[in-house]
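See structure below.
All ligand and atom numbering here is 1-based and tracks the order in the structure. When reading the values below, keep in mind they use all heavy atoms of this one structure, side chains included, and skip hydrogens, waters and symmetry mates.
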Amino acid sequence: MSVLNHWHPALPSKKLRKKPQSVKICGHEMVLFRDSTGKVASLDDMCAHRRMRLSKGKVIGDQIQCPYHGWTFKSCGAGESPGTPKLHACAPSFETTESQGLIWVRNRGSQSHFPDMPSEPWFLLGTLDHTAPAPLDTTMDNFCEIEHTGTTHAIFGYQLDRMHEVDVKFEWTDDSVTVRNHGPGKPLPWWANQLLMVRKNMLFFDHWTTYFSPCYSIYDHWFEDPATGKKAWVAWKLYIFFTPVDEDNTRVTTLIYGKSDWWILGKDGGLLTFKSLLNSRISHEIDLDVTILGDLADKRPNVDGMKLSRFDRVLGLNRERVARVYYGKPELSTLRSA
Ligand code: FES
Ligand SMILES: [Fe+2]
């Protein structure tokens, strides 16, 4: 099965205006453009005539025009040559949709499932777009364990000197892996304590489930008093999509959702007022992940020779599903797993 059969987030919607944009998914370059009605289309980013990048061209009406000899292509890929009117060309085209502030693409005719997105009381607070300089498996390794949070992160995660107290559990199905962590969270700045209504003795809970068509994890984060079960007033949920750009880089697309019990501040619990602050803090935490991945001595997905910890069981579980479900190559599982 082609990897492009999965729905992939290709670009934040706001980044595509009049000018066509090039995106790369799993080494496959495609051009995105908006036609005169604003509808998004996607074609191979290579002209059927003499291989010019269509993303260097411009949109005329409902068509994209190649800058080299002026051939034009519709969103379905049908092309015409102004110099040879009887000649008809065809550019491979992709199915597109816009949802959650993102442009998504997949192969035409694919039956893949579109990820289920949260609804009220969850509010979409932002969309972040990062690129990690590491392959898919290696990038997912970082986002699927919390042992690194003690040193790598600013305010997110668990205290390094109490990391041994963090409880971690794993569950899995054929096509998903769930990890549940809770333990003493890092001390938060005063404004975050006030906003989230975090009390002394509350533990930080970080649960997530990873899916593999496409590859993404849904994270639930909240603070809770283990004695009473009482939760802090604000919780958040991240959808993080891991899209291979090529063999060495992985696009990390994050959707941030929040839920707040500050009902006095309105239906959104005041979250929309604080969304810029929340977005910038979460973006900074992901910058830190990207930086640490860039500093790895060896970024290959192979885990041979690694001394893995109790938090790393997820590496093998993820690799098997990345190979089988995402790439459709179960034989890779044995090469990639511990
Ligand atoms: S290469 Fe595109 S029109 Fe010639
Ligand atoms: Fe991290």
Side-chain angles (χ1 to χ4, degrees), residues 20 22 29-31 33 43-60 63-74 77-93 128 130-134 136-160 163 166 168 179 181 183 185-186 204-208 210 216-221 236-242 250-254 256 281-296 299 309 311-312 314-315 318:
S22 178
E29 294 186 70
M30 46 188 84
V31 59
F33 65 97
L43 305 174
D44 264 7
D45 192 12
M46 186 164 68
C47 181
H49 180 211
R50 294 216 331 247
R51 301 182 187 155
M52 170 54 70
R53 289 184 187 282
L54 290 175
S55 56
K56 298 287 182 189
K58 61 184 176 190
V59 179
I60 299 176
Q63 307 189 64
I64 186 166
Q65 184 184 52
C66 177
Y68 203 175
H69 310 96
W71 291 24
T72 52
F73 296 87
K74 295 180 181 167
E80 290 179 347
S81 156
T84 317
K86 287 190 179 157
L87 186 150
H88 294 285
C90 185
S93 67
L128 306 175
H130 294 78
T131 300
L136 175 66
D137 297 271
T138 312
T139 300
M140 291 177 71
D141 291 348
N142 171 78
F143 284 85
C144 292
E145 53 81 9
I146 50 75
E147 191 182 6
H148 74 282
T149 62
T151 41
T152 302
H153 282 288
I155 60 172
F156 168 70
Y158 299 95
Q159 300 172 43
L160 183 61
M163 192 64 74
V166 175
V168 55
V179 184
N181 305 277
K186 290 185 178 178
F204 179 54
F205 285 70
D206 183 356
H207 291 186
W208 68 83
T210 304
Y216 66 105
S217 299
I218 304 174
Y219 300 82
D220 277 299
H221 293 162
W236 63 102
K237 190 189 269 292
L238 305 180
Y239 276 55
I240 304 189
F241 291 84
F242 308 102
T250 303
R251 192 157 203 164
V252 178
T253 309
T254 307
I256 305 168
R281 298 312 296 222
I282 292 172
S283 185
H284 176 59
E285 300 291 347
I286 296 175
D287 284 338
L288 296 170
D289 287 313
V290 167
T291 301
I292 204 83
L293 282 166
D295 288 341
L296 286 173
K299 297 172 187 165
S309 80
F311 297 100
D312 295 327
V314 69
L315 270 63
N318 279 359

(request) State whether a side-chain donor-acceptor pair under 3.5 Å links Asp141 with Thr138. (result) no
Between [X] (side chain) and [Y] (backbone), is there a donor-acceptor pair under 3.5 Å?
X: Asn142; Y: Thr139; answer: no
X: Thr250; Y: Ala134; answer: yes
X: Glu80; Y: Pro85; answer: no

Find all atoms of ligand 1 within a distance of less than 4.0 Å from any non-hydrogen atom belonging to [X], and give their numbers and elements.
X: Trp71; result: 3 (S)
X: Cys47; result: 1 (S), 2 (Fe), 3 (S)
X: Cys66; result: 1 (S), 2 (Fe), 3 (S)
X: Arg50; result: 1 (S)

(request) May I have the angle between His148 NE2 and His153 NE2 with its vertex at the Fe ion (ligand 2), rounded to 10°? (result) 100°
(message) Can you confirm whether more than 12 heavy atoms, excluding those of Lys299, are under 6.0 Å from its NZ atom?
(response) yes
(message) Looking at Tyr68, I'd like to know if its OH atom is crowded, meaning that more than 12 non-hydrogen atoms belonging to other residues, nucleotides or ligands lie closer than 6.0 Å.
(response) no
(message) Between Asp289 and the Fe ion (ligand 2), is there a contact where an N/O/S atom of the residue lies under 2.8 Å from the metal?
(response) yes
(request) If you have a sec, read the angle at atom 4 (Fe) of ligand 1 from His49 atom ND1 over to His69 atom ND1, to 10 degrees. (result) 90°
